[in-house]
Amino acid sequence: MPGFEIFGAEEKEQILEVLDTGVLFRYEFSEQRRGIYKVKEFEEKFGAYTGAGYAQAVSSGTAALKVALKAMGVGPGDEVITQGFTFVATWEAILEVGAIPVFSEIDATLNMDPADLKNKINNKTACIVPVHMLGAAARIEEIIEIADQAGIPVLEDTAQAAGGHINGKYLGTFGKCGTFSFDSVKTMTTGEGGMIITDDPKLHTEMSEYHDHGHDHAVNPGGRGGEGRSFIGFNYRMMELQGAIGIAQLAKLDSMVAAQKKNKHRLKESLSLIPGIRFRELMDPTGDSATFLSFSLADSDHRKRVGKVLQENGAAAICWVENSWHFYPKWEHLLAGSTQTRSGWPFTDPGGKRRVVYDPIALPVSADLLDRTLVYPISIRMSETRLQDMEEAIRKAAEA
Ligand SMILES: *Cc1c(COP(=O)(O)O)cnc(C)c1O
């Protein structure tokens, strides 16, 4: 799962190159930096790797979502459909631009259910944000078709699925844009950091300007101080050290995924012993980034029994209805509409009217599915002893 497992000489060399110039800022200092532009190089390499063409580096995956939504013009008065099973960052970004998150059900892919998405589209829907959760693809082609018919742009939250693809087409390149996170537990990491990819040069320019206070980045005699501004922005810049680590990590991404696939395959084989087990539906097993292994049982009781034996034998698996950061009924601050803002924004409008109330039982299909599902994070490095211990625990769980 996390790229920090394989930090090595490559990352060190990249970082030292930056420190040797003394320039940590991605712009300016043209003489001092001696041609070294790490963030720019990382963007170019990431855009080429995914096949998107354009890439905008930012300070986090959450910032990537916000910058992308801003560039697409999403704001107050809009609704954005995402899934109820995601990391909180997805809805934080939607609320942060002033729009309202609407949650869809998930299906056997553990990602957005296209049929439920259709039900939730209305004339306020300004964007659809499917999330490629736990390393594997949503039914993205179907989702795009529905979105196209409705004339609504799609932003793929690809934070958990860098390196994933469907028939060779990289996740994040199906929609109008795709966002990535390089936080410390993601497949490839820069500690903190994010990226937005797109094939649309205009959108790319908007993102580049918004993420840097509105700087138009036009070459002019006055340098950075002389740059113009078209609209109000903010600061979500990535710094050179992160760009440097990103270059080294991206070069290792394919080998990370390959190692994870091997470990995942091994555990999947032994899990097959559990009666009634069903593995998560994969759109393209070849394109699975294999950062997680998800499996479901017939009912919640069986999941609890299996989960207990696995835990007692040192091979605990995650159940997302118990883990509080990935399924919305557990987000008490969202349900309560808690905010620091005096007016209550974004849950309450400045006139005192509540804008949205979330019902914790609004997604029964997702709740049932997640209550029957267990998940193993897959590491890049799993020792033979560790794998054998897990296999032993799984054999015992098969009798639970
Ligand atoms: C990690 C994550 C994010 C946010 O990324 P950060 O870099 O931690 O801000 C967004 N969406 C999903 C699905 C994530 O897993």
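What you see is a predicted model; the values in this text were computed from it and never measured. Remember, it's 1-based here, ligands and their atoms both numbered in the order they're listed. Counting begins at 1 with the first residue of the sequence. Heavy atoms only: backbone and side chains are in, while hydrogens, waters and symmetry mates are out.
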Closest non-hydrogen protein atom to [atom], residue and atom name please, with distance?
{"atom": "atom 15 (O) of ligand 1", "answer": "Q160 NE2, 2.8 Å"}
{"atom": "atom 8 (O) of ligand 1", "answer": "D183 OD2, 2.6 Å"}
{"atom": "atom 2 (C) of ligand 1", "answer": "K186 NZ, 2.9 Å"}
{"atom": "atom 11 (N) of ligand 1", "answer": "D157 OD2, 2.8 Å"}

Considering only heavy atoms of [X], which atoms of ligand 1 have at least one such atom less than 4.0 Å away?
{"X": "V131", "result": "13 (C)"}
{"X": "S181", "result": "1 (C), 5 (O), 6 (P), 7 (O), 8 (O)"}
{"X": "S60", "result": "7 (O), 9 (O)"}
{"X": "T62", "result": "4 (C), 5 (O), 6 (P), 9 (O)"}

Item checked: For ligand 1, the portion of A159 having any non-hydrogen atom under 4.0 Å away ->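 It is the side chain that gets close, since no backbone atom is under 4.0 Å.
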Next item on the list: Answer yes or no for R229 and F231: cation-pi contact, defined as NZ/CZ to six-membered ring centre under 6.0 Å and angle to ring axis within 45°.
Entry: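 Negative - R229 is either too far from the ring of F231 or too far off its axis.
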For ligand 1 and [X], I'd like to know whether there is a polar contact (N/O to N/O, distance under 3.5 Å).
{"X": "E192", "result": "no"}
{"X": "A89", "result": "no"}
{"X": "T86", "result": "no"}

Check: Run the ring-ring contact (aromatic ring centres under 6.0 Å, His included) check on H217 and Y27 step by step: do they pass?
Finding: CA-CA 9 Å; H217 304 138; Y27 299 114; 4.6 Å; yes
Could you tell me if the ring centre of [X] sits under 6.0 Å from that of [Y]?
{"X": "H326", "Y": "W91", "result": "no"}
{"X": "H204", "Y": "Y54", "result": "yes"}
{"X": "F103", "Y": "Y358", "result": "yes"}
{"X": "F85", "Y": "Y328", "result": "no"}

Checklist line | salt bridge (Lys or Arg N to Asp or Glu O under 4.0 Å), paired with K38, selected from E13, E11, E17 | finding: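 That would be E17; it is the only one of E13, E11, E17 passing the salt bridge (Lys or Arg N to Asp or Glu O under 4.0 Å) with K38.
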Margin query: Using the ring-ring contact (aromatic ring centres under 6.0 Å, His included) definition, which of the options Y170, F46, F42 pairs with F180?
Written below: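 So, applying the ring-ring contact (aromatic ring centres under 6.0 Å, His included) to F180 and each of Y170, F46, F42, only F46 qualifies.
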